[in-house]
Amino acid sequence: MLMLRQCLILTLLTLAGCVVSLLMGWSPMPWFADKWVEDGEITVREARGQAVLWVDARAEAEYAVGHEPGALHLTDANWDSGIMELMLEWLDEPRVIVVYCGDAGCGTSERLALRLRSAVTGAEVYALKGGWEALRK
Amino acid sequence: MRARFYIAWTLRVLLGICFVWAAGSKLRDPLGFAAAVESYRVVGSELSRWVALGLPWLELWAGIGLALPWLRWGSNWILGVLLLGFMGLHASAWMRGLNVDCGCFGFSESAANYAFLLIRNGMLLLGIVVLICMEMDAWTNERREG
């Protein structure tokens with residue numbers, strides 16, 4: 001009984017904290033997915049709304065099975081050849097570069113986007129939130 | 001008896017600081033924490049946002065609660081359950097070969113060292129178990145005397 005009462009008090013305090021977080025603007029509203037995008041990330045909706053140069057950072061086998069139309073395959077493994085192809089494509093028609101990997105937890109797209117930002121000077125480079133899994137939906 | 005008192009308070013303060021610190025770093029970066037939660041691939045994107053909103057506050061209050069007699073018992077159990085959950089998550093991510101960010105003390109770019117995380121959380125859990133045993137012992141003695 002004592003434990004239940006204390007757990008209930010802790011739950012109520014937690015709820016109060018959540019309300020404070022939302023009211024003070026320390027945390028975005030959980031029901032607005034678009035607000036939960038970190039710096040350097042872009043959502044599928046935002047990316048689809050503009051001209052984008054897609055970069056697929058997944059393994060070659062996954063790329064072969066399916067990828068976003070027009071997406072270039074670029075990973076750390078094929079960086080030297082892939083970056084040349086990407087440069088030519090981007091110089092031909094400069095546009096936002098969006099890198100995606102498998103899903104939200106893969107982490108490769110953020111790392112590759114970081115590398116691309118220093119390699120392709122002047123380009124706007126983002127990592128896609130949710131990766132290929134979000135793109136397929 | 002005096003030694004037990006000091007051991008209990010040392011444990012409470014150390015564990016309390018640890019959880020308040022962990023909560024503070026998560027509260028400062030909810031977006032990073034939500035991404036870390038999502039990277040475990042156990043909950044989806046939507047649920048990870050709710051976890052990122054609520055879990056830091058639960059850790060914060062439970063961490064503070066360790067030092068408050070009227071919240072101590074519940075805080076012990078909640079932190080024990082949380083630590084068991086964290087250990088389960090880390091073990092599962094390790095077995096699945098995931099390269100996740102721990103998210104334990106906010107977001108970091110480096111990948112998790114699972115062995116270290118399991119040992120660290122195991123030690124924290126041991127501290128909580130010791131506190132629970134001490135509380136139960138104290139109650140038993142009180143009842144016997146009363």
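Quick note on labels: first sequence line is chain A, next is B, and so on, each numbered from 1.
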Check each atom of B:S48 against the heavy atoms of chain A and say whether the ones under 4.5 Å are side chain, backbone, both or neither. neither
Report yes if some heavy atom in the side chain of B:L53 is under 4.5 Å from a heavy atom in the side chain of A:L22; otherwise report no. yes
Are A:L114 and A:W79 joined in one hydrophobic group, where the rule is that I, L, V, M, F, W and Y side chains link up if heavy atoms are under 4.5 Å apart? no
Atom group of B:R28 that falls short of 4.5 Å from chain A, counting heavy atoms: neither
With a 4.5 angstrom heavy-atom cut-off, could you sort out which part of B:W77 is near chain A: side chain, backbone, both or neither? side chain
Which heavy-atom pair separates A:L2 from B:W73 by the least distance, and what is that distance? CD2-CD1, 4.0 Å
Got B:E38 and A:K129 here, is their nearest side-chain heavy-atom distance under 4.5 Å? yes
Go through the atoms of B:I78 and report whether side chain, backbone, both or neither lie under 4.5 Å from a heavy atom of chain A. side chain
Heavy-atom count check: over 12 atoms from other residues, nucleotides or ligands less than 6.0 Å from B:W50 CH2? yes
Has A:Q6 got a side-chain atom pairing as donor or acceptor with B:W70's backbone, closer than 3.5 angstrom? yes
Can you name the closest pair of heavy atoms from A:C18 and B:G54 and give their distance? SG-CA, 3.6 Å
Counting heavy-atom pairs under 4.5 Å to chain B, which of A:L13, A:L15, A:V20 comes out on top? A:L13
Is a donor on one side and an acceptor on the other found under 3.5 Å between the side chain of B:W57 and the backbone of A:G17? yes
Is any side-chain heavy atom of B:L47 closer than 4.5 Å to one of A:P30? no
Nearest 0.5 angstrom please: B:S45 OG to A:D103 CG, how far? 11.5 Å
Residue pair B:L27 / A:S21: nearest heavy atoms and the distance that separates them: CD2-OG, 4.2 Å
Look up atom CG in A:L10 and atom CG in B:L71, then write down how far apart they are to the nearest 0.5 Å. 5.0 Å
Identify the two heavy atoms, one from B:P30 and one from A:P28, that lie closest to each other, and give their separation to 0.1 Å. CG-CD, 4.4 Å
